Amino acid sequence: MTDTLRTPPPTAAGQHQRPFTLAPGRWEAERSRALRTGHVRDHTCMAECEPVLVYERTRWGWLAWTVPGDGTPPDHPHEIGVLTPTASRMQRLAMRWLTRHPARRLALAPAIPGSLRLSAAAVALISLLAGLFAMGHGVPVEAALSGMVLAPLLAENLPRQLDARAREHVRSVEGDGACRYLQRLAALHTYLVQAAAGSDRYELRRAAETGWHTLWDAAGLLQVQDTRSAFVELIARERLMVQLADQVAQTLKRTHTEDGPADKGQPHTRGRPLGPYPPGSEQTARPTPHHTHGTSPLKGHHSMTQPEPDHAVRTAGVYLLFAHEPYYLRPGTQEINTTLVTAASLLHPRVRQPDGAQIHDRLTQGRQPGEIIPLATLTNELNGGADWPTVGDWESVTTDLLQLAREGECDALSLGLPEIPRALICTGPHSHVRTYDAAADQFIAYGPTERAAVLAEVDMFLAPLVAEQAFWPGDSLLPPLTSQP
């Protein structure tokens with residue numbers, strides 16, 4: 001593993017983290033309008049409230065944001081819509097119709113539930129005046145009355161019909177988990193679109209097209225599944241999108257270098273898609289005099305001081321490796337997206353129990369000392385994940401483990417894995433990951449051999465750390481299931 005997948009460019013990471021990142025003034029204008037016309041997200045907004053949505057249109061679809069009552073911009077959209085990649089002009093117009101400003105509505109009498117569109121009320125008034133005028137000039141009463149009744153009904157119900165027709169060409173998702181995932185993909189795709197817009201290079205245009213199709217497929221997947229059940233497919237699509245962003249960044253860099261006089265005539269080589277771990281390790285230690293600082297070629301932290309309890313000796317060399325939402329130790333550092341802990345940390349009292357102990361028992365059965373077991377391997381062993389409910393809630397357990405690691409309550413190796421290695425450890429031991437090479441216009445497959453190489457390299461960096469002193473799993477551990485009477 002020699003070169004060169006990187007963290008996505010900062011310009012991609014910053015897209016869509018807040019509303020209208022490319023036009024900040026728009027948010028204040030839209031927020032002022034929302035405050036005048038509808039509910040905002042505050043303590044007065046009950047379940048039946050329909051908060052006003054501020055639509056941010058893009059070439060590929062839209063992001064719909066709510067307006068928090070405290071005046072701060074929201075950090076994730078309420079809804080994301082993706083337009084079909086083969087959209088015609090009429091379908092684009094239909095998308096603009098869906099993202100129009102919400103209709104003003106008039107409440108009916110207190111005894112009558114519901115409300116009426118302001119436009120329908122206006123049409124009713126106009127049709128009433130027109131009908132009276134028509135009857136005064138000899139138009140049959142039946143015809144005039146029919147027009148007076150049908151016109152406001154049409155104005156009230158036609159928009160719903162048009163909405164339903166327009167949504168045939170759009171895939172939209174709601175919910176925090178789905179929107180946060182699609183938000184990351186949308187940021188990367190916007191970066192691809194911006195790069196292609198300023199260039200006539202085929203690989204950039206092709207990358208943008210592939211990114212749009214990937215975004216469309218992910219939205220369709222999230223419409224029928226949740227993020228937990230579609231975890232493997234979603235990871236694969238996110239890895240593909242990140243690789244596209246990386247390839248585009250490298251293409252732009254080569255183009256800039258080729259155009260510069262200093263490097264004119266210098267050869268330019270493309271790195272292979274399977275790259276190394278990011279350099280520049282960052283270590284943190286718990287603020288106690290027993291912890292020591294070291295260095296590691298992997299970006300992460302580890303602190304190893306306290307001896308492991310006796311009841312955890314049999315699992316001293318077994319480790320759990322799991323991916324999670326990326327975070328940053330501090331601004332300007334590379335992301336941490338994968339964490340490794342000793343199996344005994346699953347017995348920590350701050351980890352969800354008895355789930356942690358049950359997963360610990362499953363994790364350590366039949367293992368050899370020194371084994372690094374990805375969470376995806378357990379998923380594969382548990383009938384592809386179907387048997388997880390009988391073992392424990394792995395999402396809550398890994399969330400708790402990550403919190404322990406970040407607070408220094410157990411030793412952990414926190415990694416910033418590149419795109420392909422992270423995707424490989426998120427799939428089963430016999431699965432394959434396909435990536436797209438925009439320059440060659442072909443897909444590349446990685447499988448068990450490359451996955452084993454990733455684990456071997458993690459082990460290569462882990463070995464000198466544990467040779468010095470075993471990982472500390474934390475204090476006051478619960479007894480493992482095998483030792484309980």
Side-chain angles (χ1 to χ4, degrees), residues 8 11-12 14-23 26-27 30 52-66 74 76-103 158-199 204-227 230 233-234 236-238 240-242 244-245 248 436 438:
T11 51
Q15 298 286 358
H16 303 315
Q17 287 187 350
R18 292 290 188 272
F20 301 101
T21 51
L22 301 180
R26 279 285 307 280
W27 171 247
E30 293 289 346
V52 168
L53 295 180
V54 174
Y55 288 94
E56 179 181 355
R57 297 191 189 100
T58 67
R59 179 174 175 80
W60 48 263
W62 74 78
L63 300 96
W65 308 86
T66 56
H76 66 276
H78 176 81
E79 178 190 64
I80 297 180
V82 182
L83 181 65
T84 173
T86 58
S88 64
R89 181 175 178 82
M90 285 301 297
Q91 289 166 350
R92 291 186 179 279
L93 292 175
M95 184 194 74
R96 294 188 68 86
W97 167 263
L98 287 173
T99 56
R100 67 195 184 277
H101 285 160
L158 182 60
R160 297 195 187 95
Q161 302 298 323
L162 295 177
D163 286 351
R165 186 68 179 271
R167 286 190 176 275
E168 294 176 0
H169 313 292
V170 172
R171 292 174 177 174
S172 60
V173 299
E174 296 182 2
D176 286 353
C179 282
R180 286 184 186 277
Y181 170 79
L182 214 58
Q183 182 181 16
R184 295 197 298 272
L185 258 61
L188 293 168
H189 178 59
T190 297
Y191 172 75
L192 302 179
V193 171
Q194 290 174 341
S199 174
L204 297 183
R205 298 197 306 272
R206 181 61 175 163
E209 293 172 2
T210 304
W212 196 339
H213 281 277
T214 303
L215 196 63
W216 172 257
D217 291 342
L221 190 63
L222 289 169
Q223 281 187 324
V224 297
Q225 300 185 58
D226 58 26
T227 53
E233 292 91 340
L234 294 177
R237 284 167 173 80
E238 186 172 1
L240 171 58
M241 192 74 88
V242 171
L244 288 172
V248 165
Y436 178 72

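Everything numeric here is computed off the predicted structure, so don't read it as measured data.
- A donor-acceptor contact closer than 3.5 angstrom is absent between the side chains of Ser172 and Trp62.
- In this structure, the separation between CD on Glu209 and OG1 on Thr214 is 11.5 Å, given to the nearest 0.5 Å.
- Remark: His189 NE2 to His213 NE2 distance equals 9.5 Å, nearest 0.5 Å.
- One finds the OH atom of Tyr55 at 10.0 Å from the CZ atom of Arg57 (value rounded to the nearest 0.5 Å).
- Side-chain contact between Ile80 and Arg171 is absent, with no heavy-atom pair separated by less than 4.5 Å.
- Note that CG of Asp176 is 9.5 Å distant from NE2 of His78, once rounded to the nearest 0.5 Å.
- Residues Phe20 and Val54 are in side-chain contact: their nearest non-hydrogen atoms beyond the backbone lie under 4.5 Å apart.
- A donor-acceptor pair is defined here as one N or O able to donate and one able to accept, closer than 3.5 Å; such a pair exists between the side chain of Trp212 and the backbone of Leu83.
- Within the 4.5 Å cutoff, side-chain heavy atoms of Leu182 are placed close to those of Leu215.
- The shortest distance between side-chain heavy atoms of Trp60 and Thr190 falls below 4.5 Å.
- We find the CE-CG distance between Met241 and Leu188 to be 6.5 Å, quoted to the nearest 0.5 Å.
- The two residues Ala207 and Leu244 have their closest heavy-atom pair at O-CD1, 3.9 Å.
- At least one side-chain heavy atom of Arg237 sits under 4.5 Å from a side-chain heavy atom of Leu221.
- Using a 4.5 Å cut-off on side-chain heavy atoms (C-beta onward), Val193 and Thr58 make no contact.
- Contact of the Val173 side chain with the Val82 side chain is not registered, since no non-hydrogen atoms from C-beta on lie closer than 4.5 Å.
- Closest of all the heavy-atom pairs between Ala208 and Ala196 is CB-CB, 4.0 Å.
- Taking 4.5 Å as the limit, some side-chain heavy atom of Trp27 sits within range of a side-chain heavy atom of Trp65.
- Taking each heavy atom of Ala245 and Tyr191 in turn, the nearest pair found is O-CE2, 3.7 Å.
- Rounded to the nearest 0.5 Å, atoms CZ (Arg180) and NE2 (His76) are 5.0 Å apart.
- Summarising the geometry of Cys179 relative to Glu174, their closest heavy-atom pair is SG-CA, 3.8 Å, with the distance given to 0.1 Å.
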